[in-house]
Amino acid sequence: MAGFRLFDLNPEQQKAVLTTDGPLLILAGAGTGKTRVITSRVAYLISEGVSPSNILAVTFTNKAAKEMRERLAAMVEKSAASKVLMSTFHALCVRILRSGIEHLGYKNNFSIYDEGDQLGLIKKIITRTAAQDEKLDPHLAKNLISKAKNNGWREPAPGEEKSLVGAVFARYQAELKTLNAVDFDDLLLLAVQLLEEHEVVRRKWQDRFHYLMVDEFQDTNRLQLRLITQLADERKNVAVVGDDDQSIYGWRGAEVTNILEFESHFPNPTVVKLEQNYRSTNAILQTANILIRNNPRRRVKNLWSAQEGGSKVRLIAMPDDRQEAQFIGDDIQNLQMTEGVKWEDFAVLFRMNSQIRLVEQVLRQLKIPYKVVGGKSFFDRREVKDLLAYASCLLNTDDDVSLLRIINTPARGLSPSLVEQATAHSSRMRSSVWNALRDAAFQAGLTTRSRTAVQAFVGLVDRYETLLNQPLSDQPALLREMIEEVGYLEDLRRTCKTPEEGLSRENNVKDLLKSFDEYGEKSSEGLRGFLDEMMLRQEREEEDEDDKGSGVWLITLHAAKGLEFPYVYLAGLEEGVIPHDRSKMEGTVDEERRLLYVGITRAKRNLAITWCQQRIKFGSVTPCNLSSFAKELPAEFVEQKSLVQMQNTPVSAESAKSRFEAMLAMISKL
DNA sequence: CGGTCTATAATTTTT
DNA sequence: TTATAGACCG
């Protein structure tokens, strides 16, 4: 326990830490030590005698929550640190709902549906709801429903009920309730409803938390603000930390106005601006500052850095995207060789995933290790979803989506047509498929063979459900046993095309079972808690362990938020890429500017921005123009050149470093 | 029913 | 160019 030392913080940071009571708005610019301030503030509260269990810190991602927990653990006593609740919005809502959702007519063993489950259910409802000539894209429907829910709608808006989307929305919500399931949006929506409508519950939670802290406040949506408002009692000890200039998630419901109009939600707040940046050189920082000044409606900030000077930002014109990629690869290799920069100190930032490919190819050719951030989720994997579905069924047999997923996996004589009959019967009964399967009237209409199969399945689930619910049952062992009994692994192996694929899938299953074992050892929440955690932890599987540790980062601007790198390349500063063509139609050019701002402020000491005169789009060569944002960059800190120019520069026989210096000298003469 | 073909569209992504 | 969805055919 290193403790925390106030005198390590700058005056503004200190003010943020020492202001404990009443609403507090901490405007934390990029690289100004935000996490440090939050954790120090928690440590300070504890040192002032606040009970750790009365403190709540909310974040967006599990990663952020974890990092905060770790940092806090280094500052205060372990026992105290573990009592502070540091949680994501969604995990907090699960907690609230598990202990009170019955007020809303759900059972507290509700299942949590992820996007895939959600989509499946919506598809089913669309086919049942749409007339012959009507069509509705399930993805579109899902997005619309999600948007509506994030704006607080629990049912279609008046006038919307008769439209197809409206009808699907209404049925979808009703169906979820029958299945005793909630989707990610419901977690927030229902938690807010519960707190707003049930005073007992609200009191209980207000009583629990006396000090609230919210990270990345610029990313909160309406529901999240309402949740915070409900949790804050008359004490209003709400400290929010954020940076409106880094609000880049408007398209998924984030309301910048939450931070811009903080005063109207929490009157008379203390406002602290953190403007000293500890990350970048002034050249980089001023470039970012001057760019972002072009945005209307923002909290004016002026970031500064004690790291005077620094090399200018390079803005380089490239003939085309291939040469852009080649340049980036060469430049990285050069710097690595001449200056010994580590691979993981380089990052290449992109507006779109599709841009990544070319650079990836070049790096592969140059044998430069790299890692692409993003990509396939562990949870999209069939076998993982299957296993979680088995678990979910045991805990909530009414969970149709999970039940249907595993009902004939592995094959056990429950054919799709039989399942279809069961589903139809469940609709008639207005009940779950599980209840339909057990219904005598349903079974009576089946062939002997089908009936036997149904009864066997019902028996199986019943048996394990009972075992699992016995106090002191060894749940991880039971799940394992069930998987074994149904012959899941054999089936998995059989359905894989290659033995390698089979092996890797099998390992995924084993890993999952193992992590359940481990979870069981450190937690008493059992399978329920484990499943909740798995559902809410859909994080990408990267940097986890193994070899992937080191390498050049290839990453989108969005995914790069919160990260920092000594050497940054920002590829594709073209009109249409950033700002993206779409943004002009949608009127979100400001957000694109913020996105560029986020990109620039990722760089610690070196930033190269490139753009192409032409680029291959959708297979054909398309001419491109320099982004309109380029005009907004300050000439004082940005040097413009072109690849051709650089290639024509006379090259000495000396090292690349002196070549670079010669170039600098030459440019300063111009 | 399942595989193959053709039309279509094309940011950003966490929980 | 490439991914995906729906149509179409064996």
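A, B, ... follow the sequence lines: proteins, then strands. Residue 1 opens every chain. Model, not experiment: these values are computed from the prediction. These numbers come from the heavy atoms of this one structure, side chains and all, not from hydrogens, waters or symmetry mates.
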From [options], nucleotide with atom closest to [X] side chain:
| X | options | value |
| --- | --- | --- |
| A/Leu536 | B/dT15, B/dT11, B/dT13 | B/dT15 |
| A/Thr88 | B/dT14, B/dT15, B/dT12 | B/dT15 |
| A/Glu592 | B/dT15, B/dT14, B/dT11 | B/dT11 |
| A/His558 | B/dT11, B/dT13, B/dT15 | B/dT13 |

Grab the [atom1]-[atom2] distance between [X] and [N] for me, whole Å please.
| X | N | atom1 | atom2 | value |
| --- | --- | --- | --- | --- |
| A/Arg351 | B/dT13 | CZ | C1' | 11 Å |
| A/Asp186 | B/dT15 | CG | C1' | 13 Å |
| A/Asn143 | B/dT14 | CG | C1' | 14 Å |
| A/Met352 | B/dT12 | CE | C1' | 10 Å |
| A/His139 | B/dT11 | NE2 | P | 14 Å |
| A/Phe60 | B/dT14 | CZ | C1' | 9 Å |
| A/Leu190 | B/dT15 | CG | C1' | 15 Å |
| A/Asn150 | B/dT15 | CG | P | 15 Å |

Is [X] touching bases, backbone alone, or none of the nucleic acid, heavy atoms closer than 4.0 Å?
| X | value |
| --- | --- |
| A/Arg357 | sugar-phosphate |
| A/Asp219 | nothing |
| A/Glu586 | base |
| A/Glu591 | nothing |

Next on the checklist: Once ring-ring contact (aromatic ring centres under 6.0 Å, His included) is applied, do any residues pair with A/Phe89, and if so which ones, sequence neighbours excluded?
Outcome noted: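 A/Phe60.
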Item to check | Sidechain N-carboxylate O distance under 4.0 Å for A/Lys107, A/Asp398 | outcome: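 Yes.
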Next on the checklist: Please list all pairs meeting salt bridge (Lys or Arg N to Asp or Glu O under 4.0 Å) that have one or both residues in residues 399-412 of chain A, counting only residues at least two apart or in different chains.
Outcome noted: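 For residues 399-412 of chain A, and leaving out neighbouring residues, the salt bridge (Lys or Arg N to Asp or Glu O under 4.0 Å) pairs sorted by first residue read A/Asp386-A/Arg405.
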Item to check | Residue pairs, two or more places apart or on separate chains, that pass salt bridge (Lys or Arg N to Asp or Glu O under 4.0 Å) and touch residues 185-194 of chain A | outcome: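 Every pair satisfying salt bridge (Lys or Arg N to Asp or Glu O under 4.0 Å) with a residue in residues 185-194 of chain A: A/Lys149-A/Asp186.
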Next on the checklist: Between A/Val359 and A/Phe350, is there a side-chain heavy-atom distance shorter than 4.5 Å?
Outcome noted: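 Contact flag for A/Phe350/A/Val359 side chains = yes.
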Next on the checklist: For A/Phe565 together with A/Trp553, are the ring centres under 6.0 Å from each other?
Outcome noted: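 They qualify: ring centres under 6.0 Å apart.
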Checklist entry - Do any of residues 614-623 of chain A sit with a heavy atom less than 4.0 Å from DNA chain C, and if so which? => result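 The answer is A/Phe618, A/Gly619.
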Just to verify, what does [X] make a salt bridge (charged side-chain N to carboxylate O under 4.0 Å, His left out) with, not counting sequence neighbours?
| X | answer |
| --- | --- |
| A/Arg602 | none |
| A/Asp245 | A/Arg298, A/Lys301 |
| A/Arg364 | A/Glu360 |

Item to check | Test side chain to side chain contact (heavy atoms under 4.5 Å, CB included) applied to A/Trp153 - qualifying residues, sequence neighbours left out | outcome: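 If we apply the side chain to side chain contact (heavy atoms under 4.5 Å, CB included) test to A/Trp153, skipping adjacent residues, the hits are A/Ala148, A/Asn151, A/Ala157, A/Pro158, A/Phe169.
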Checklist entry - Would you call the rings of A/Phe217 and A/Phe262 parallel, tilted or perpendicular if under 30° counts as parallel and over 60° as perpendicular? => result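 Correct class here is perpendicular.
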Item to check | Any A/Asn353 side-chain nitrogen or oxygen under 4.0 Å from OP1 or OP2 of B/dT12 | outcome: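 Yes, such a contact exists.
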Checklist entry - Quick one: is A/Arg537 getting a side-chain N or O under 4.0 Å of the B/dT14 phosphate, OP1 or OP2? => result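 No, no such contact exists.
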Item to check | Face-to-face stacking of A/Trp251 with B/dT12, centres under 5.5 angstrom, angle under 30° | outcome: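 Base of B/dT12: stacked against A/Trp251.
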Checklist entry - Is the aromatic ring centre of A/His580 closer than 5.5 Å to the centre of the six-membered base ring of B/dT11, with the two planes inclined by less than 30°? => result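 Stacking is present between B/dT11 and A/His580, given that their ring centres fall under 5.5 Å apart and the planes under 30°.
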Next on the checklist: Could you tell me how far C/dT4 sits from B/dT13 if I compare only their P atoms? Round to whole Å.
Outcome noted: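 Between the two P atoms, the distance is 16 Å.
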Next on the checklist: Under 4.0 Å from a heavy atom of chain A: give me the 5'-most and 3'-most nucleotides of DNA chain C that qualify.
Outcome noted: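 Counting from the 5' end, contacts occupy C/dT1 to C/dT2.
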